[in-house]
Amino acid sequence: MTLGSTVQRVIVGVDGSPGSEAATAWAARAASRHGAVLAVVVVVPPPSAEVVAPVGLPVTVLEPEQVRIPYRELLDRTVGQLHEAAPDLVIEPVLVEGPAAEELLTASVDADLLVVGRSGRSQAVSVLLGSVTRSVLHHARLPVAVVPIGCGERPVGTIVVGVDASPGSTAARDWAIAEARHAGSALHVVHAWRYPYLGIRAGAGELVPLIYEDAKHLLDDEVAAVERQGMTCTGHLVEHVESTGLLESAEGLGADLIVVGSRGRGGFASLLLGSVSTVVATHAPCPVVVVRPAD
């Protein structure tokens, strides 16, 4: 189910971090916009296998209910703030125990969108996305929104979607069409192309205009597909590495949301998340929705 159709359930993972706060605010706006239920999920980490105390100090073992107290307080506080900001929003508080990514995926089985936060700006993917966000992106079967810090209240005025005619790209394009129609957003379709070699041997330069014509034809087909669904859009053909071309286009267009497929034409079937999706979700200046193709 896409956000442009009947949306019944949006999931957001909450852990009290700034990224989580941004994700919560963005998820609440999305749920309100679609009249959906917002499930706020707080995950209590599983108990440690062993308790280690500093030398000479007594070991203190907390009862399970004591461990849950701060997480229950976080959930109650978050739900209270959401009710205050959006009294009409239907909120479902969820407190579960276990590995965070696994529990979020379990909670999202019957959902239409899973929203997670992104950490602060850093070049290290493991730091920027966080282990839970990375795991969710790799394994979720539904669209996943990754929200950077400071973007929680951002309205969805301009949507940019990356296309390359792959199944993941087609799913992302259709998701973006539905969301743009529902939110009244401007829609921009971006296709990045490049000559696949750093140097051009004698006589090979004639391939460049042929590749360009293929890329232009692909973009024209994608724009036509959008128009057949009753939406208007603007097509952009950029000569660049796919992820960089999409990111630079989105920044230049002032995108409020980037939509990308989970795996493009260059991905291997064994990779659950393509490199373009990873880079875009890691470095985008606005929220990113990663859409997986239908099974």
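- The shortest distance between side-chain heavy atoms of C286 and D256 does not fall below 4.5 Å.
- Closest approach of A172 and V260 over heavy atoms only: CB-C, 3.6 Å.
- The hydrophobic cluster containing V163 also contains I211, counting ILVMFWY residues as joined when their side-chain heavy atoms lie under 4.5 angstrom apart, directly or transitively.
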Apply the test side chain to side chain contact (heavy atoms under 4.5 Å, CB included) to residues V290 and R292: give CA-CA distance (whole Å), side-chain angles for both, the deciding distance (0.1 Å), then the verdict. CA-CA 7 Å; V290 178; R292 198 170 302 280; 5.8 Å; no

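- Rounded to the nearest 0.5 Å, atoms CG (L219) and NE2 (H236) are 9.0 Å apart.
- The distance from the NE2 atom of H83 to the CG atom of D88 is 11.0 Å, given to the nearest 0.5 Å.
- In this structure the side chain of P148 never reaches within 4.5 angstrom of the side chain of P285, judged on heavy atoms.
- Remark: I91 CD1 to L82 CG distance equals 4.5 Å, nearest 0.5 Å.
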With side chain to side chain contact (heavy atoms under 4.5 Å, CB included) as the test, would you mind laying out the steps for D15 and V43 before giving the verdict? CA-CA 8 Å; D15 64 8; V43 182; over 6 Å; no

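- Put simply, the side chain of E179 does not reach to within 4.5 Å of the side chain of V259, judged on heavy atoms.
- No chain of hydrophobic side-chain contacts below 4.5 Å, direct or via other Ile, Leu, Val, Met, Phe, Trp or Tyr residues, connects V241 to L237.
- When all heavy atoms of V67 and P70 are compared, the pair lying nearest together is O-CD, 3.3 Å.
- One hydrophobic cluster, built from ILVMFWY side chains closer than 4.5 Å, cannot hold both L104 and V109; they sit in different ones.
- Under the 4.5 Å side-chain criterion, counting only non-hydrogen atoms from C-beta, L247 is in contact with H283.
- Minimum heavy-atom separation, A22 to I149: CB-CA, 4.1 Å.
- Around the CD atom of E227, the shell of radius 6.0 Å holds more than 12 heavy atoms that belong to other residues, nucleotides or ligands.
- Using a 30° and 60° split on the angle between ring planes, H34 and H182 fall in the parallel class, below 30°.
- Using a 4.5 Å heavy-atom cutoff, the side chains of E102 and S135 are not in contact.
- Interatomic distance, OG1 of T133 versus CZ of R118, reported as 10.0 Å (0.5 Å rounding).
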Passes side chain to side chain contact (heavy atoms under 4.5 Å, CB included), D110 versus R9? Steps please. CA-CA 8 Å; D110 59 347; R9 187 176 173 86; 3.3 Å; yes

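- Distance alone, capped at 3.5 Å, places no donor-acceptor pair between the R33 side chain and the V156 backbone.
- Of the possible donor and acceptor atoms, none in the side chain of S108 sits under 3.5 Å from a partner among the backbone N and O of A111.
- The two residues P93 and V79 make their nearest non-hydrogen contact at CB-CG2, 3.9 Å.
- With a 4.5 Å cut-off on side-chain heavy atoms, E222 and H191 do not count as touching.
- Taking 4.5 Å as the limit, some side-chain heavy atom of E242 sits within range of a side-chain heavy atom of R194.
- Residue I258 comes nearest to A284 through the heavy atom pair CD1-CB, 3.8 Å, listed as atom of the first residue, atom of the second, then distance.
- Listed here is the closest heavy atom pair of R154 and G254: NH2-O, 4.3 Å.
- Considering CZ of R181 and OG1 of T232, their distance stands at 10.0 Å, rounded to 0.5 Å.
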Full working for side chain to side chain contact (heavy atoms under 4.5 Å, CB included) between V132 and V116: CA-CA 9 Å; V132 173; V116 290; 5.6 Å; no

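- In this structure the side chain of H139 reaches within 4.5 angstrom of the side chain of L105, judged on heavy atoms.
- The line from CG of L257 to OG1 of T158 is 10.0 Å long, rounded to the nearest 0.5 Å.
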